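Structure record follows, encoded as C-alpha cells.
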Amino acid sequence: MVRGRSKTGGSGDGFAASQSNTLFEAVSKRQAIRSGAIPLAERMRPSLLSEFVGQTHVLGPTSFLANAIDSDRVPSMILWGPPGVGKTTLGRVIAARTTSVFVSFPAVLGSIQELRDIVSAARERRAYKAERTLVFVDEIHRFNKAQQDAFLPHVEAGIITLVGATTENPSFAVNAALLSRCKVFRLEALSEEALATLVRRALSDAERGLGWAQLSADDQAVRAIAQLARGDARRALAILEAAAEYVQACGETSVTTKALAASNEKAPLLYDKAGEEHYNVVSAFIKSMRGSDPDASVYWMMRMLKAGDDPLFVLRRMLIFASEDIGNADPRALLVVTSADAAFRRMGMPEGIYPLTHAALYLACSPKSNAVKNALERAKALVEAHGTLPVPMKLRNAVTKLMKQEGYGDGYKYAHDYDGGVAPGETYLPDAIVGESIYVPTDRGEEARIRARLASVRGTR
C-alpha cells in the first residue's frame, strides 16, 4: 500500500513512510536491547573480522584463512573448539565478507530432503547469480552417517561450501571421507585478557551493549568475570548481563565483585564424559601420577569427580596404573588401590573420596617402574614370533606310566634340593628361546633388591 501511494501521490508520501518505518525499527530495536529481549552475547556478536578478539593463529593478517576470505576462495572447513569462542560467528562473517549466501542447517533436526532443497537453490545461485552458498552446520558431530555422506558429492563438486562447527575432535566425530574434503581450523579458548576486552567493549557500546545504562566495572570485577567464564565469550557476557541487571535493580551504577557473587551461580565444569575432554583429563591424571606429582594427580582426579565421572572408573584406572607404572618397584601399591576400591564400595560418596585420594597420593609418591608392562610386551612378542613352542620334556609332568616311558620329566632338577633354592644350569623356557630376558627389573624401589637377586640367580643358572 505504501508503494501504491508513492506512485500516485508523489515521492513525498513514500519518503515519509520510509522514514517512519526506519524510525519504528530503530525504536523497537532499542527497546528490545534495553528490555533484555535480545541477550547481550547475541547483540555483541562480531559482524566484522576486525571485531574478533583472540584466534590470531587462525585469523591473523598473514593466516591462510584471512587470505582465503580476502581473496574470496574459502574452502569447506571444520571449525573445532570449545563453546563460546566464535565458531558460529566466524561462519556468518565469512559469508558476509565473500560472495556467499549463508544457510544454516541444524545437525539434529535437519533432514536429507532439506539438504536437497538447499543444494537445488545453491545450483541456481551459482548458475544465474555467480553466488556461492555457505552451509553452516552447528554441532556437526551430531550428524549421523547418512547425513554426512549426503554432503560429500556436493562439497566435492563445489556446489556448496560446508562450514561445520564442533566441540568434539573432528577425527572422532566426522566421517573420514567428509573430513578429507575439509580444512580443519582449531579455535582456542579465549584468554582472560581477551575476555576482559570483550567485557569492557560491552560496557562501553551504547548501540549494542550496555553503554546506554552508563554502568562501570572496576578492574577486579572485570578480571573476575574473565576467570569465571573459563575461555567462553558467551558465558562472560552472560555473567556481565546478569550482574548489570542486579546492579540496576539495586539502583547502583558499578559492577563489583560483590554484585557478581550475588548474581551468578557457580559455573559448571567443561567436561564431556563421552568426548575428547574426558580423555584429556584422564590422560593428565595418569601422566601426573607417572611423573610423581601428587598435587597435579589429586587436582585432575578431583576434576573428574566434580564433573560427574564414576569413582569406580577412577579406581579402575588406578588399579591398572599400580601394575603398569609401578609394579614391583612397590608391590604394596596394588594392595593400597584394591583396599581403596573395597573401602569405597562399602563407604560410597561423599566419604569414599578419602580412600580415592589416599590411593592417588600413594601411587604418585611411589617409585615408578614399567618393567611389568615391558615383560608382558616381550612375552607377547615371543609368543607371536615363535607360536606354540613345545614344552621341554624335563618340565612335563609324568602323570601316567606311558608318559614316564616317553621321557616326560627326565632330567628335571628339583630346585629345593640345591643351595638357595636355585638349580644350577637349569632352564625353563622352550629350547628355541633359552637365554631370552623377559623381565628386566629397574633399580628403583623394591625392584633394586629384585634385580640384585635375579642377577645372582641367573648367574647360578
Side-chain angles (χ1 to χ4, degrees), residues 15-56 59 61 69 83-97 102 187 189-265 267:
F15 178 71
S18 175
Q19 279 189 315
S20 176
N21 286 338
T22 303
L23 179 61
F24 176 77
E25 290 172 1
V27 171
S28 298
K29 183 178 180 181
R30 184 163 62 249
Q31 288 175 340
I33 289 174
R34 296 191 179 191
S35 68
I38 304 174
L40 180 62
E42 181 63 28
R43 302 193 319 252
M44 293 302 299
R45 190 187 290 275
S47 57
L48 302 170
L49 279 180
S50 58
E51 293 180 345
F52 266 82
V53 175
Q55 314 303 347
T56 54
L59 298 172
I69 294 171
V85 296
K87 299 185 293 294
T88 303
T89 300
L90 182 54
R92 292 180 179 178
V93 170
I94 290 172
R97 283 284 301 273
F102 183 90
L187 306 185
L190 296 176
S191 67
E192 290 184 8
E193 291 77 15
L195 291 169
T197 298
L198 289 176
V199 169
R200 293 190 179 97
R201 180 186 294 173
L203 282 167
S204 62
D205 190 323
E207 182 180 349
R208 299 181 298 168
L210 299 170
W212 60 271
Q214 297 184 333
L215 299 177
S216 63
D218 57 33
D219 289 342
Q220 187 176 5
V222 172
R223 283 198 304 272
I225 292 173
Q227 290 170 358
L228 283 170
R230 296 194 183 98
D232 186 330
R234 190 183 300 110
R235 184 183 293 158
L237 293 173
I239 293 171
L240 173 62
E241 188 170 30
E245 290 175 358
Y246 175 83
V247 165
Q248 289 175 299
C250 295
E252 300 175 1
T253 59
S254 180
V255 176
T256 63
T257 53
K258 183 178 178 181
L260 287 175
S263 62
N264 289 280
E265 296 182 358

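Bear in mind that the values here come from a model prediction, so they are computed numbers and not experimental data. The figures that follow rest on heavy atoms only: side chains count, while hydrogens, waters and symmetry mates do not. One is the number of the first residue; the rest follow in order along the sequence.
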If you round to the nearest 0.5 Å, how far is OH of Y246 from CD of Q248?
13.0 Å
Can you check whether E192 reaches R223 side chain to side chain, under 4.5 Å on heavy atoms?
no
Give the minimum heavy-atom separation between L198 and A233, together with the two atoms involved.
CD1-CB, 3.6 Å
Nearest heavy-atom contact between V255 and V247 is CA-CG2, 4.0 Å
Is the shortest side-chain N to carboxylate O distance from E51 to R208 below 4.0 Å?
yes
For residues 85-93, please give each side-chain donor-acceptor pair under 3.5 Å, one per line with the distance, not counting sequence neighbours.
residue: K87; atom: NZ; partner: G81; partner atom: O; Å: 3.2
residue: K87; atom: NZ; partner: P82; partner atom: O; Å: 2.8
residue: T89; atom: OG1; partner: R45; partner atom: NH1; Å: 2.7

Residue pair R43, E241: steps toward the side-chain contact (heavy atoms from CB on, under 4.5 Å) verdict
CA-CA 11 Å; R43 302 193 319 252; E241 188 170 30; 3.8 Å; yes
Indicate yes or no: at least one non-hydrogen side-chain atom of L215 is less than 4.5 angstrom from one of L203.
yes
Distance col, row L187:CG vs L59:CG, nearest 0.5 angstrom, shows 7.5 Å
For residues L237 and A41, report the shortest heavy-atom separation together with the two atoms involved.
CD1-CA, 3.7 Å
In Å and rounded to the nearest 0.5 Å, what is the CD1 to CZ distance from I225 to R235?
13.5 Å
A243 and S263 have their tightest heavy-atom pair at CA-OG, 3.3 Å
Taking the side chain as every heavy atom from C-beta outward, state whether R200 and V222 have any atom pair closer than 4.5 Å.
yes
Check A202 against L240 and note the closest heavy-atom contact, atom names and distance.
CB-CD2, 3.9 Å
Atom pair CG (L210) and CD (E245), whose distance is rounded to the nearest 0.5 Å:
9.0 Å
Taking all non-hydrogen atoms of both residues, which atom of L40 and which atom of G209 are closest, and how far apart?
CD1-CA, 3.8 Å
In this structure, CD of Q55 is separated from CG of L190 (nearest 0.5 Å) by 5.5 Å
